[in-house]
Amino acid sequence: MIGRYEEILATLPRDLHGECARQIARRLSVGSGIETIFNGEGGHFAWTEEARPLEMQLNHLEGLRALFSAPLQIGTYTFDTNIHFGLDRNEGLDAQTRVNSALASANDALSSGRSVELFEAERLAEASWELSLHARIDEGLRNGEIWLAYQSQWDMRLGHACGAEALIRWNHPTRGPIAPDAFILQAERAGRIDALTYWVVDEAITAALALNAAGQRFQMSINLSAQMVDKPSLVSNFAEIVRRRNIDARLLTIEITETSSVRNRPAAVQNLSQLRAMGFRLSIDDFGTGEASLAYLADLPSDELKLDRRFVSRLLTHDRERSIISATIGLAHALGQTVVAEGIEDDATYRALVDLGCDVGQGYYLGRPQAFPEFCQGLLKMGQRRFGFV
């Protein structure tokens, strides 16, 4: 698959479109030794080769990719090209199935930035699951397979629970518990992340209203995929939910997660600024890893940083991580931000974070994710009777 192929065609006059495809096919033919190269829509080119050992095949494709290091010269136009390969080695299947498999793998290679994506035989068993995810999610929401767990967050200065994070869970009747990262990523690919997120928001608001009914302020954190942050409908949808549920937006914290990176940062900044003006608190999740870096802190409006558990888990044993955590807390406080430490697993780590001035803690030592009734009972056992739960 040729990256940005549609943009190349949009730049070229229509009478040069065929020449562009011919030049790409010519390079593929020279590099592969195959005379017949098929050209589909969207920058897809396909051919068949004689089977060879996998390592030899991958090396061959890397060599073929090197042929595209030189720019394409189409008339007076010059284009750099970025090529990604999808490879199907499942002999015995019909040609159309294998072509579709290779095309899907090429798309995956492009989206992930990898040179080659191999369509494994095991993935065939998963194909029907992924392709029917839309219906399976809807069914899971209806019958209670998909549900929310709540993990407590503790005010480390006062020493009591001050909030919770709503975490989505899926207990499938035949597959058992499905890892959230796995099905959230699938939901993003299937275009279902919006509906899933708004369901989470509604459920979490129900819990937040119950937790705040006695008058004690209790914050509720909700994850928001970076894939949604720049969408035009985001602000109006959140505003409608808050209006319909009659909840103070200041009781809700939106955590921007790193399931996928923000694509349109100016639009994301505008949306988040409007949400913050409505009263929502904004949190940068997994700070210090991936995209959640100083660039995010500089660009995106926020009220809170969440220290990733990978730093917290090494606090007691690695001086470098301790220095990073200490510096991050100081930086956040200088910017008027709250710091939440994830992954607190023991009392020693908790006390060390208190000494460093961390504001809020979260982790198994303070409370595991639980269904809402069990979560409320856990608060009671911790002496949180002030909430008035029975």
Side-chain angles (χ1 to χ4, degrees), residues 104 108 120 122-153 163-211 218-229 231 233-234 237-238 240-242 244-245 247 252-260 285-286 309 342-343 362-364 366-380 389:
D108 287 347
E120 302 282 2
E122 295 78 17
R123 186 173 172 184
L124 291 172
E126 294 296 308
S128 62
W129 166 266
E130 294 183 12
L131 292 173
S132 63
L133 187 67
H134 183 129
R136 293 179 189 274
I137 286 177
D138 287 344
E139 182 182 5
L141 293 174
R142 285 194 303 270
N143 62 25
E145 294 170 14
I146 298 177
W147 54 285
L148 287 189
Y150 298 87
Q151 186 172 30
S152 60
Q153 297 180 330
E165 180 180 1
L167 300 165
I168 194 165
R169 296 289 186 262
W170 191 350
N171 293 337
H172 193 268
T174 58
R175 289 173 169 249
I178 301 175
D181 288 349
F183 75 79
I184 288 172
L185 180 60
Q186 290 180 358
E188 288 178 339
R189 289 175 175 173
R192 290 292 292 157
I193 193 63
D194 294 48
L196 200 58
T197 296
Y198 291 126
W199 176 84
V200 169
V201 172
D202 239 341
E203 291 292 304
I205 285 176
T206 298
L209 290 171
L211 290 165
F218 202 89
Q219 200 73 24
M220 182 62 66
S221 293
I222 302 162
N223 292 311
L224 179 66
S225 167
Q227 190 178 98
M228 294 179 60
V229 174
K231 291 196 172 182
S233 60
L234 180 73
N237 286 339
F238 268 84
E240 191 279 329
I241 292 173
V242 167
R244 174 169 52 82
R245 299 304 307 275
I247 188 172
L252 303 174
T253 298
I254 298 174
E255 296 187 11
I256 313 303
T257 68
E258 289 308 298
T259 304
S260 60
D285 197 16
D286 299 333
R309 64 185 68 249
E342 293 185 290
Q362 182 177 345
Y364 282 6
L366 301 169
R368 292 175 176 267
Q370 296 175 302
F372 190 65
E374 288 76 21
F375 176 78
C376 294
Q377 289 299 316
L379 291 180
L380 284 172
F389 298 123

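When only modelled atom types and interatomic distance are considered, Gln153 and Gln362 share a side-chain donor-acceptor pair under 3.5 Å. Looking at Asp194 and Gln227, their side chains never bring a donor and an acceptor atom within 3.5 Å of each other. A donor atom on one side chain and an acceptor atom on the other are not found under 3.5 Å apart for Ser152 and Arg368.
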Checklist entry - Asn237 and Lys231: side-chain contact (heavy atoms from CB on, under 4.5 Å), yes or no, with the steps? => result CA-CA 10 Å; Asn237 286 339; Lys231 291 196 172 182; over 6 Å; no
Next on the checklist: Walk me through whether Ile205 and Glu203 qualify under side-chain contact (heavy atoms from CB on, under 4.5 Å).
Outcome noted: CA-CA 5 Å; Ile205 285 176; Glu203 291 292 304; over 6 Å; no
Item to check | Residues Leu379, Phe218; criterion side-chain contact (heavy atoms from CB on, under 4.5 Å); working and verdict | outcome: CA-CA 12 Å; Leu379 291 180; Phe218 202 89; 4.3 Å; yes
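Looking at Leu224 and Glu255, their side chains never come closer than 4.5 Å, going by heavy atoms from C-beta outward. For the pair Ile193/Met228, a side-chain contact is recorded, criterion being any heavy-atom separation below 4.5 Å from C-beta on. Counting only heavy atoms from C-beta outward, the side chains of Leu196 and Phe183 approach each other to under 4.5 Å. No side-chain heavy atom of Thr206 sits under 4.5 Å from any side-chain heavy atom of Phe372. Annotation: side chain of Leu366 is not in contact with side chain of Gln151 (no heavy-atom distance under 4.5 Å). Contact check for Ile222 versus Thr253: no side-chain heavy atoms found under the 4.5 Å cut-off. Counting heavy atoms from C-beta outward, Ile137 and Ile146 have side chains that approach closer than 4.5 Å.
Leu211 approaches Met220 most closely through the heavy-atom pair CD1-CE, 3.8 Å. Between Ile256 and Val229, the shortest heavy-atom contact is CG2-CG2, 3.9 Å. Minimum interatomic distance between Ala166 and Asn223 (heavy atoms only, all atoms of both residues): O-ND2, 3.9 Å. The nearest pair of heavy atoms linking Gly343 to Arg309 is CA-NH1, 3.4 Å. Residues Arg244 and Asp202 approach most closely at NH2-OD2, 3.0 Å, considering heavy atoms. Heavy atoms only, all atoms of each residue included: Asp285 and Glu342 are closest at OD1-OE1, 3.5 Å.
Of the inter-residue distances, the one linking Gln219 atom CD with Ser221 atom OG reads 6.5 Å to the nearest 0.5 angstrom. Distance check: Ile254 CD1 to Leu234 CG gives 7.0 Å after rounding to the nearest 0.5 Å. Residue Arg192 holds its CZ atom at 7.5 Å from CG of Leu141, rounded to the nearest 0.5 Å.
The ring-ring contact (aromatic ring centres under 6.0 Å, His included) check on Tyr198 picks up Phe238, with sequence neighbours excluded. Qualifying side chain to side chain contact (heavy atoms under 4.5 Å, CB included) partners for Glu145, counting only residues two or more places apart in sequence or in other chains: Asn143, Trp170, His172, Pro173.
Tyr150 and Phe375 have tilted rings, their planes meeting at an angle from 30° to 60° on a 0 to 90° scale.
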